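Every chain is numbered from 1 and lettered A, B, ... according to where its sequence line falls, protein lines coming before strand lines. It should be emphasised that the depicted structure is a prediction, and the values quoted were computed from it without experimental measurement.
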2 protein chains.
Amino acid sequence: MSIDFRNIAGELIQHHGGRVTAGRIGILAILLAEQHAITHREIEQRLPESLPLDRVTLYRALEWLAEKNLIHKVTSDDRVWRYHVNRELHAHHHAHFKCTRCAQVICLDDLPAERSWPLPAGYRFQEIELTVKGLCADCC
Amino acid sequence: MSIDFRNIAGELIQHHGGRVTAGRIGILAILLAEQHAITHREIEQRLPESLPLDRVTLYRALEWLAEKNLIHKVTSDDRVWRYHVNRELHAHHHAHFKCTRCAQVICLDDLPAERSWPLPAGYRFQEIELTVKGLCADCC
DNA sequence: TTGTAAATGCAACAAAGTTGCGTTTATTGT
DNA sequence: ACAATAAACGCAACTTTGTTGCATTTACAA
Ligand SMILES: [Mn+2]
Ligand SMILES: [Mn+2]
Ligand SMILES: [Zn+2]
Ligand SMILES: [Zn+2]
């Protein structure tokens with residue numbers, strides 16, 4: 001884990017009025033270094049030996065990071081949340097791609113996930129959740 | 001539960017080469033009578049006293065019905081599958097609406113969930129999963 | 001340096017779904 | 001109608017993912 005990401009993580013956390021703890025720094029640094037959206041489990045596995053972190057603490061840190069809009073949660077059909085850092089490009093709502101073979105999830109920044117859709121009378125639109133499924137380049 | 005739905009259910013099950021059991025008839029009849037996509041739990045609750053059915057049997061029956069394309073499963077952000085009968089209109093893939101207040105799920109038959117989307121090079125499209133979220137007419 | 005709320009760790013809990021296996025039953029052939 | 005048999009079922013145990021309560025520790029500011 002690059003020291004760079006840890007520095008950025010620390011600044012981001014501080015800037016959002018949270019306590020700058022080793023756990024939060026480690027978690028956010030992992031997500032900053034990661035291309036894809038990853039699960040709680042995968043984050044746990046990427047944590048260094050030197051930073052043992054309770055499952056619950058990890059869940060709560062992720063919750064806090066999502067509240068502060070530093071990361072976002074991605075729903076999936078395998079009943080597992082995936083987490084991804086909010087870079088400028090996809091701070092807004094956006095679509096995701098999930099590989100049906102390796103379960104890898106990426107963000108599709110250029111897909112319009114914000115526009116309204118036709119709904120039955122009396123229904124009010126809030127947002128859409130769009131996941132494109134298929135095979136990733138590695139699995140093709 | 002209308003005897004009509006039970007008759008239709010029985011015929012559908014038989015036509016697909018499965019054993020026509022009380023459980024399958026009861027489950028499919030419930031889904032035939034239902035407008036919305038409902039959860040395993042909700043199906044369980046709608047089962048008549050006269051038809052006690054083990055949770056596992058219910059899961060396996062739903063799995064079989066989905067395999068035979070008599071029903072389809074809907075993913076949701078609450079990590080709970082919902083099930084809905086396949087009427088002609090939405091035998092194909094289609095989008096869903098979920099109320100963020102009462103969690104009700106309906107099928108949006110007129111939304112194009114089949115067309116391909118632009119993906120990164122080397123990625124292969126299979127299908128999309130689209131959930132529109134908002135408030136239903138009752139919750140508005 | 002110290003006080004304090006915020007964050008953490010641990011244990012227990014909960015919901016949804018799965019697996020293995022012995023028993024029952026719907027269906028087929030006689 | 002009866003018997004054979006594979007399919008379906010019921011039960012218990014298990015798994016995975018995530019949540020809650022509470023006592024303890026710690027970041028940070030006064
Ligand atoms: Mn994303
Ligand atoms: Mn549907
Ligand atoms: Zn893949
Ligand atoms: Zn509603």
Side-chain angles (χ1 to χ4, degrees), chain A residues 6 9-28 37-45 47-68 70-83 98 103 105, chain B residues 6-7 9-29 37-45 47-68 70-83 98 103 105:
Chain A
R6 300 183 52 86
E11 281 165 30
L12 285 171
I13 292 163
Q14 190 172 39
H15 185 261
H16 282 79
R19 288 199 183 171
V20 183
T21 66
R24 283 180 180 170
I25 291 177
I27 293 166
L28 185 49
I38 56 179
T39 64
H40 176 276
R41 265 295 162 83
E42 291 169 322
I43 297 170
E44 213 169 22
Q45 290 163 353
L47 284 171
E49 294 267 334
S50 55
L51 181 60
L53 210 55
D54 190 76
R55 292 171 1 88
V56 177
T57 304
L58 178 44
Y59 275 119
R60 294 203 264 232
L62 289 169
E63 196 183 12
W64 183 86
L65 291 168
E67 261 169 27
K68 297 302 178 188
L70 291 172
I71 65 174
H72 61 277
K73 266 168 113 168
V74 184
T75 300
S76 171
D77 55 5
D78 57 9
R79 311 182 353 108
V80 181
W81 294 108
R82 283 177 175 74
Y83 302 88
K98 179 166 179 215
V105 171
Chain B
R6 300 184 49 87
N7 285 338
E11 280 165 31
L12 285 170
I13 293 163
Q14 190 171 40
H15 185 260
H16 282 78
R19 288 199 184 172
V20 183
T21 66
R24 283 180 179 170
I25 291 176
I27 293 166
L28 186 49
I38 56 178
T39 65
H40 176 275
R41 264 296 161 83
E42 291 168 323
I43 297 171
E44 214 170 20
Q45 290 163 352
L47 283 170
E49 293 267 334
S50 54
L51 181 60
L53 210 55
D54 190 77
R55 291 168 4 90
V56 177
T57 304
L58 178 44
Y59 276 118
R60 294 202 264 232
L62 289 170
E63 196 182 10
W64 183 87
L65 291 168
E67 263 169 27
K68 297 302 179 186
L70 290 173
I71 65 174
H72 62 277
K73 267 168 112 167
V74 183
T75 300
S76 173
D77 54 5
D78 56 8
R79 312 182 350 109
V80 180
W81 294 108
R82 283 176 176 74
Y83 302 87
K98 179 166 180 217
V105 171

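Distances shown here put a side-chain N or O of B/Thr21 below 4.0 Å from the OP1 or OP2 atom of D/dC9. Of the side-chain N and O atoms in B/Arg41, none sit less than 4.0 angstrom from OP1 or OP2 of C/dA15. OP1 or OP2 of C/dG17 has at least one side-chain nitrogen or oxygen of B/Trp81 nearer than 4.0 Å.
Of the residues in residues 53-63 of chain B, B/Leu53, B/Asp54, B/Val56, B/Thr57, B/Arg60 come within less than 4.0 Å of DNA chain D through at least one heavy atom, sorted by number.
Side-chain contact between B/Val20 and B/Arg24 is absent, with no heavy-atom pair separated by less than 4.5 Å. A heavy-atom distance below 4.5 Å is found between the side chains of A/Trp81 and B/Arg79. B/Ile71 has its side chain out of reach of B/Glu67: every pair of non-hydrogen atoms, C-beta onward, lies at least 4.5 Å apart.
As a whole-Å value, the separation of B/Glu44 CD from C/dG17 P is 11 Å. One can place CD1 of B/Ile13 at 17 Å from P of D/dA7, the figure rounded to the nearest angstrom. Taking atom CG of B/Asp77 as the reference point, atom P of C/dA16 lies 14 Å away to the nearest angstrom. Atom NE2 of B/His40 and atom C1' of C/dT18 are 11 Å apart (whole Å). Per the geometry, CG belonging to B/Leu51 stands 13 Å off C1' belonging to D/dG10, to the nearest Å. The distance from atom CZ of B/Arg79 to atom P of D/dT16 is 13 Å, rounded to the nearest whole Å. Rounded to whole Å, the distance from CD1 on B/Ile25 to C1' on C/dA26 is 11 Å. Atom pair B/Glu42:CD and C/dA15:C1' shows a separation of 14 Å (rounding to whole Å applied).
Every side-chain contact (heavy atoms from CB on, under 4.5 Å) that B/Thr57 has, sequence neighbours left out, goes to B/Leu53, B/Asp54.
For the atom pair A/Gln45 CD and A/Thr39 OG1, the distance stands at 7.0 Å (nearest 0.5 Å). Atom CD1 of B/Ile25 and atom CG of B/Asn7 lie 8.5 Å apart (nearest 0.5 Å).
Applying the 3.5 Å distance criterion, the base of D/dA7 shares a donor-acceptor pair with the side chain of B/Arg19. Checked by distance alone, A/Arg24 brings no side-chain donor or acceptor within 3.5 Å of a matching partner on the base of C/dA7.
Ring-centre distance between A/His40 and A/Tyr59: below the 6.0 Å cut-off.
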